[in-house]
Number of protein chains: 2
Amino acid sequence: MSDTARGTSRRYGTRPTMKDVAARAGVGLKTVSRVVNGEPGVTPDTERRVQEAITALGFRRNDSARILRKGRTASIGLVLEDLADPFYGPLNRAVEEVARSHGALLINGSSAEDPAREQELVLALCARRVDGLVIIPAADDHRYLAPEIAAGIATVFVDRPAGRIDADVVLSDSFGGAQDAVAHLIAHGHRRIGFIGDQPRIHTAHERLRGYRTAMAAAGLPVDESWVSLGPTAPERVRSAATAMLAGPQPVTALFAGNNRVTVTAVRVLAGHPRPVALVGFDDFELADLVNPAITVVAQDAARLGRTAAKLLFRRLDGADDAPRRMEIPTRLIPRGSGEIPPAES
Amino acid sequence: MSDTARGTSRRYGTRPTMKDVAARAGVGLKTVSRVVNGEPGVTPDTERRVQEAITALGFRRNDSARILRKGRTASIGLVLEDLADPFYGPLNRAVEEVARSHGALLINGSSAEDPAREQELVLALCARRVDGLVIIPAADDHRYLAPEIAAGIATVFVDRPAGRIDADVVLSDSFGGAQDAVAHLIAHGHRRIGFIGDQPRIHTAHERLRGYRTAMAAAGLPVDESWVSLGPTAPERVRSAATAMLAGPQPVTALFAGNNRVTVTAVRVLAGHPRPVALVGFDDFELADLVNPAITVVAQDAARLGRTAAKLLFRRLDGADDAPRRMEIPTRLIPRGSGEIPPAES
DNA sequence: CTGAAAGCGCTTACAG
DNA sequence: CTGAAAGCGCTTACAG
């Protein structure tokens with residue numbers, strides 16, 4: 001490789017090292033290290049000479065080398081489903097803030113809800129020797145992580161529990177939140193309530209369905225299986241599920257949407273529906289109060305979910321080695337209008 | 001440090017190394033390296049013995065050591081304003097996808113719109129020797145980066161140009177998009193149009209204001225300075241700015257909102273306003289078509305912004321060393337209703 | 001207060 | 001096909 005035409009070499013290794021600084025300042029390597037790291041025991045005059053050499057050469061400590069020697073990388077990994085999903089934004093930010101307060105950097109990645117991709121990403125992070133991992137799992141078998149955890153990589157799962165290993169997990173109260181949502185609709189007079197949720201292999205979808213059934217049963221209401229639809233949250237699938245529930249002689253008079261993607265499509269379907277239909281969605285979203293009627297939701301505290309998980313992670317890194325914990329973050333029902341619509345006369 | 005009660009040591013350095021694998025397999029270090037990296041020239045039998053040792057010991061290559069020796073870290077940094085802002089989600093994801101396709105990991109951080117924090121974060125990433133940086137700048141002076149760029153850290157700015165250094169940048173066409181928005185309102189009969197934007201030191205805010213003024217001038221319309229308000233996008237500030245413009249004997253009949261945070265607050269203000277007021281917002285958002293009236297916007301392609309920047313970054317890493325480029329991504333006006341409301345009679 | 005030597009866990013360059 | 005030696009750029013442990 002040769003230097004470029006513009007004179008700025010892209011070659012790595014072209015940078016000055018502590019050795020170069022030491023030579024220029026006429027001191028030993030260890031003295032440079034002391035100055036760079038602000039360690040005591042350096043004469044003001046020596047320090048000044050070293051600082052001058054650092055500035056003159058444009059030296060910046062290579063943390064890759066430091067990391068290798070020190071053991072800790074001061075970085076953590078966050079694996080979530082999709083960096084573009086607004087639900088994960090506040091969670092991502094909260095994890096970042098906690099990492100930052102501990103002097104750690106955040107390496108980020110999307111699993112795209114693909115177990116193989118999750119594993120590939122997680123193991124790449126382990127190879128980088130991140131100190132810890134926060135994982136929103138896509139896979140349902142995490143035995144591949146057991147050796148890494150045993151080797152010291154702290155791991156906290158968020159939003160869904162780990163599969164087939166015992167690990168820390170921070171969850172929203174999906175079961176309780178779903179119960180609240182459905183009980184709310186029942187309290188407003190509904191007896192035929194539809195549930196459209198995510199794929200049943202996803203823990204939260206399963207829990208929300210369980211909350212739905214429990215609330216219906218608690219009110220002595222039967223559940224017609226045509227009122228329940230679990231599957232991918234792609235708009236076409238949700239649209240046809242909703243349309244089917246709203247058709248026929250005994251249509252549902254209310255819908256409970258299992259997450260924000262479902263809610264959005266449900267709003268679109270209901271906007272074109274002749275009769276008013278009540279709607280409660282799981283997950284809040286920014287403009288829920290601007291739509292007409294405003295959307296009643298079960299809000300999760302995504303930032304708190306992230307903050308709690310990250311704090312637990314750093315507690316582990318500080319040596320806490322009690323048994324894996326399961327923490328639940330409460331949800332909150334926010335009535336805004338759509339969930340208070342009474343049943344249409346049939 | 002001692003092992004924990006649960007028997008899994010959190011101690012680092014407890015992991016097997018290639019040396020351990022070599023010893024167990026009864027081969028040399030280099031042979032292990034060959035097997036781990038899939039290099040040719042190893043007898044099937046030798047390879048099998050090494051693989052067995054790897055499995056038995058739970059060996060995983062330490063990429064920190066590899067990085068130190070190889071020079072490249074196979075990681076890039078992305079510094080943006082706020083990981084929780086939905087505008088950056090698709091951009092973040094797009095950068096990640098490009099990084100992934102090049103085998104690189106993504107280190108992420110928020111500047112919180114604070115120049116000092118941006119610099120701190122960027123320099124931390126440089127110390128980690130990321131191969132490249134994608135930066136949505138908060139600072140307006142990036143001379144601190146010049147030595148790093150000269151030392152080989154490829155850098156591409158996005159959304160706003162670098163300050164006081166010559167560097168690659170990928171922008172949305174804020175000027176053209178703003179012109180389109182205001183021309184659209186003028187075409188629908190408006191003559192008194194308000195503009196509420198972000199702080200003027202932010203490049204995009206400045207460009208959008210310029211587009212507003214140019215469109216007004218092109219139509220021969222005067223601009224009363226009480227129709228223009230730039231500042232923080234906090235709801236209170238935007239609310240009072242909008243309220244002021246809508247009051248008095250000669251209120252504006254239309255608003256152009258400079259970004260999505262402004263738009264959201266504007267929608268709330270207009271919902272409580274007695275007369276209908278037209279609105280066009282810069283930036284699209286998910287539920288813009290669910291609000292009544294649906295919101296007319298100038299949409300940016302955030303994913304394309306991110307993809308373009310990341311691709312340019314990797315082209316630099318592959319050795320492209322032509323002069324820094326400025327690339328502009330077009331915007332698109334999406335009429336949905338709010339921007340087509342005619343002026344209220346005064 | 002200062003510095004030479006050894007080592008973190010790999011890869012590179014080379015020799016057999 | 002295989003491996004011993006040197007080195008990436010730091011920090012650690014130690015001696016002066």
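Each chain gets a letter, A, B and so on, in the order the sequences are listed, and its residues count up from 1.
- None of Asp318(B), Leu313(B), Leu312(B) except one satisfies the side-chain contact (heavy atoms from CB on, under 4.5 Å) rule with Arg316(B); the exception is Leu312(B).
- For Lys19(A) and dA5(C), the NZ to P distance is 13 Å, given to the nearest whole Å.
- For Thr308(A), the side-chain contact (heavy atoms from CB on, under 4.5 Å) partners are Val170(A), Arg304(A), Met327(A), Ile329(A), not counting sequence neighbours.
- Rounded to whole Å, the distance from CZ on Arg15(A) to C1' on dC10(D) is 14 Å.
- Counting only heavy atoms from C-beta on, Thr31(A) has its side chain closest to dG3(C) among dC10(C), dG3(D), dG3(C).
- Sorted by first and then second residue, the pairs that involve residues 23-35 of chain A and meet salt bridge (charged side-chain N to carboxylate O under 4.0 Å, His left out), not counting sequence neighbours, are Lys30(A)-Glu39(A).
- Going from atom CG of Asp166(A) over to atom CZ of Arg326(A) covers 11.0 Å, rounded to the nearest 0.5 Å.
- Glu118(A) contributes a side-chain N or O that, together with a main-chain N or O of Ala138(A), makes up a donor-acceptor pair within less than 3.5 Å.
- Remark: nothing in residues 40-56 of chain A comes within less than 4.0 Å of DNA chain D through any heavy atom.
- Side-chain contact, Asn108(B) with Arg93(A): no donor N or O sits under 3.5 Å from an acceptor N or O.
- Between the P atom of dC8(D) and the CG atom of Asn62(A) lies a distance of 12 Å, rounded to the nearest Å.
- Between Ile67(A) atom CD1 and dC10(D) atom P the separation is 12 Å, expressed in whole Å.
- Regarding Leu68(A), its CG atom lies at a distance of 9 Å from the P atom of dC8(C), rounded to whole Å.
- A donor-acceptor pair under 3.5 Å links the side-chain atoms of Arg117(B) to the main chain of Ser110(B), judged by distance alone.
- Here the side chain of Asp131(B) pairs no donor or acceptor atom with the backbone of Ile76(B) at under 3.5 angstrom.
- Arg164(A) contributes no side-chain N or O that, together with a main-chain N or O of Asp141(A), makes up a donor-acceptor pair within less than 3.5 Å.
- Rounded to a whole Å, the CZ atom of Arg129(B) is 12 Å from the C1' atom of dC8(D).
- In DNA chain C, runs of at least 3 stacked Watson-Crick or G-U pairs (N1-N3 plus N6-O4 or O6-N4, or N1-O2 plus O6-N3, all under 3.5 Å) give these stems: C:1-3 with D:14-16, C:5-12 with D:5-12, C:14-16 with D:1-3.
- A donor atom on one side chain and an acceptor atom on the other are found under 3.5 Å apart for Asn37(B) and Arg61(B).
- Not counting sequence neighbours, Tyr88(B) has no partner by the ring-ring contact (aromatic ring centres under 6.0 Å, His included) test.
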Contact letters for nucleotides 11-16 of chain D, in which S counts primed atoms plus P, OP1 and OP2 and B counts the base, heavy atoms under 4.0 Å: BBB---

